[in-house]
2 protein chains.
Amino acid sequence: MKISSRGEYSLRALIVLGRHNDQVIPISEIAAQTLVPVHYLEQILLQLKMHGFVKSKRGAQGGYTLRKQPEEICIGEVVRKLEGPLAPMGCVSLTSYESCPLEQNCLLKPLWGLIRDTIAQVLDNTTLGDLLTGNLEMQRIGGVTYV
Amino acid sequence: MKISSRGEYSLRALIVLGRHNDQVIPISEIAAQTLVPVHYLEQILLQLKMHGFVKSKRGAQGGYTLRKQPEEICIGEVVRKLEGPLAPMGCVSLTSYESCPLEQNCLLKPLWGLIRDTIAQVLDNTTLGDLLTGNLEMQRIGGVTYV
DNA sequence: TAAAATCCTAACTAAACCACTCGGGAATGT
DNA sequence: ACATTCCCGAGTGGTTTAGTTAGGATTTTA
């Protein structure tokens, strides 16, 4: 159930950009703060750009900036785009469903569905803004504090 | 965030054994019901045996049986043993912690911790018995129904 | 006691995936 | 013009996954 380095690194990069809101930060600087190899980070930032989370400026004094406000960047969305589906199995994935021959009366499917839902519940209710302010204790499910 | 085939297959096998409680079922029969290749399933059952979830009997009329009652088999434990840690990152894993240079004031760690906790909450409060009876709606967190 | 059924053990492998690296090109500011 | 920065595509070494292959050990049954 691990998250890959792409997912982790992209969130690290967004956090750096969110900290210096509206400033243009060159890749080299982001790499220094995130400890991600420059060329690898380059790929990741291009993906983040392609998906509309950041924008770039070329040339001297160029670099990257957030495209939206931190409060408007949903972590669940970032993870889905950079990392892949949240569901632990294709049979319960909303974004990339895959059928399974046992699916009809599978006793596991409800379990995987529950796992998917709990992960989505957390990630879809967290924004980059929440991460920046350390506001995770606010996470609730059904009105009851969660952690 | 996918679960691997080993994790899925081992739960499928336990479900088959749980359905025919106390009967000795040969691998070939389990394979037929789970759609897992016989020789691969063999490896998985050996692991399940090694970890004390099932027992085996050799020779003609031999096969596998659950070692405990279905209600005593914790799904979280099975997944941890067959699949690996529940945590999405080493920095928040209780069973196989790995340090990270950014850990000190990492804004992501609390998020990963929350994810780990929610997954563990579900899997550690589900038994094989729950799967067999379809009792997942009983899953609750903080006294509030969850799904 | 021989044969058949079953589990046990270890090594091997093909394909996919991951985490990068490398080389060069295109735009922009000074 | 030149330095700086992002952009793009291909390559690569290592690990993991999902098995396969081959043969051995134990038990039941005839």
Side-chain angles (χ1 to χ4, degrees), chain A residues 1-13 16-17 23-32 34-67 79 82-85 88-90 96 98 100, chain B residues 1-13 16-17 23-32 34-51 53-67 79 82-85 88-90 96 98 100-101:
Chain A
M1 303 285 289
K2 286 267 179 296
I3 205 158
S4 75
S5 74
R6 283 188 105 81
E8 164 84 8
Y9 291 174
S10 53
L11 292 180
R12 285 191 198 170
V16 170
L17 293 177
Q23 289 177 45
V24 177
I25 319 269
I27 294 181
S28 56
E29 175 62 23
I30 304 175
T34 56
L35 303 184
V36 178
V38 176
H39 283 294
Y40 191 33
L41 184 59
E42 214 167 356
Q43 288 179 18
I44 291 168
L45 283 166
L46 281 172
Q47 272 191 273
L48 284 173
K49 180 186 173 190
M50 181 177 63
H51 288 111
F53 299 112
V54 302
K55 58 191 173 189
S56 64
K57 194 182 167 198
R58 282 180 163 190
Q61 311 306 318
Y64 281 89
T65 325
L66 289 185
R67 171 155 275 163
V79 172
L82 273 285
E83 178 80 15
M89 291 285 295
S96 69
E98 275 178 276
C100 162
Chain B
M1 302 286 289
K2 286 268 179 295
I3 204 156
S4 75
S5 73
R6 281 188 107 80
E8 164 84 9
Y9 292 174
S10 53
L11 291 180
R12 285 190 199 172
V16 170
L17 293 178
Q23 290 176 46
V24 179
I25 319 271
I27 294 181
S28 55
E29 175 62 23
I30 304 175
T34 56
L35 303 185
V36 178
V38 176
H39 285 294
Y40 191 33
L41 184 59
E42 214 167 353
Q43 288 179 20
I44 291 168
L45 283 166
L46 282 170
Q47 270 191 273
L48 284 172
K49 181 187 172 190
M50 182 176 64
H51 288 111
F53 298 113
V54 303
K55 59 190 173 190
S56 65
K57 192 183 167 196
R58 282 182 164 188
Q61 310 306 318
Y64 281 89
T65 325
L66 289 185
R67 170 155 274 163
V79 173
L82 274 286
E83 177 82 16
M89 291 285 296
S96 68
E98 276 178 276
C100 162

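Order of the sequence lines fixes the chain letters, A, B, ..., with proteins taken first and strands second; residue numbering starts at 1 for each chain.
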Mind checking what makes ring-ring contact (aromatic ring centres under 6.0 Å, His included) contact with A:F53, not counting sequence neighbours? none
Is there a side-chain polar atom (N or O) of B:S56 under 4.0 Å from OP1 or OP2 of C:dC8? yes
Please identify each residue that fulfils salt bridge (Lys or Arg N to Asp or Glu O under 4.0 Å) with B:R12, with sequence neighbours left out. B:E8
Ordered by number, residues from residues 1-9 of chain B within less than 4.0 Å of DNA chain D (heavy atoms) are B:S4, B:S5, B:Y9
Spacing between A:E29 atom CD and D:dT4 atom P, to the nearest angstrom: 16 Å
For A:P26, what residues pass the side chain to side chain contact (heavy atoms under 4.5 Å, CB included) criterion, not counting sequence neighbours? A:S28, A:E29
Base, sugar-phosphate, or nothing: which does B:L45 touch, judged by heavy atoms less than 4.0 Å apart? nothing
Please name all residues satisfying side chain to side chain donor-acceptor pair (under 3.5 Å) with B:E98, sequence neighbours left out, ordered by chain then number. none
Check the distance between C:dT28's P and A:Y64's OH and give it to me in whole angstrom. 14 Å
By side chain to side chain donor-acceptor pair (under 3.5 Å) - contacts of B:K49 (at least two apart): B:S56
Taking CE from B:M50 and C1' from C:dA10, how many angstroms apart are they, rounded to a whole number? 14 Å
Which whole-number value in Å describes the distance from B:L82 CG to D:dT16 C1'? 16 Å
Quick one, give me the B/S/- string for nucleotides 20-29 of chain D, reading 5' to 3', where B means a protein heavy atom under 4.0 Å from the base and S means that only happens at the primed atoms, P, OP1 or OP2. BB---SBBSS
Test side chain to side chain contact (heavy atoms under 4.5 Å, CB included) applied to B:E42 - qualifying residues, sequence neighbours left out: B:I27, B:H39
In this structure, which one of A:L11, A:L82, A:L17 forms a side-chain contact (heavy atoms from CB on, under 4.5 Å) with A:L48? A:L82
Check side chain to side chain contact (heavy atoms under 4.5 Å, CB included) between B:S4 and all other residues, then give those that pass, not counting sequence neighbours. B:R6, B:E83
Quick one, B:Y9 with B:L35, criterion side chain to side chain contact (heavy atoms under 4.5 Å, CB included). Give me CA distance, side-chain angles, the key distance, then yes/no. CA-CA 9 Å; B:Y9 292 174; B:L35 303 185; over 6 Å; no
Secondary structure string for DNA chain D (Watson-Crick or G-U under 3.5 angstrom, | for other-strand pairs): ||||||||||||||||||||||||||||||
In whole Å, what is the span from the CD1 atom of A:I25 to the P atom of D:dT5? 12 Å
Residues two or more places apart in sequence or in another chain: which of them pass side chain to side chain donor-acceptor pair (under 3.5 Å) with A:T65? none
May I have the distance from A:L46 (atom CG) to D:dT5 (atom P), rounded to whole angstrom? 16 Å
Between the CD1 atom in A:I30 and the CG atom in A:L45, the distance rounded to the nearest 0.5 Å is 5.0 Å
Is B:K55 touching bases, backbone alone, or none of the nucleic acid, heavy atoms closer than 4.0 Å? nothing
Could you state the CD1-C1' distance from B:I30 to C:dT6, rounded to the nearest angstrom? 12 Å
Rounding to an integer number of Å, can you tell me how far A:Q47 CD sits from D:dG9 C1'? 14 Å
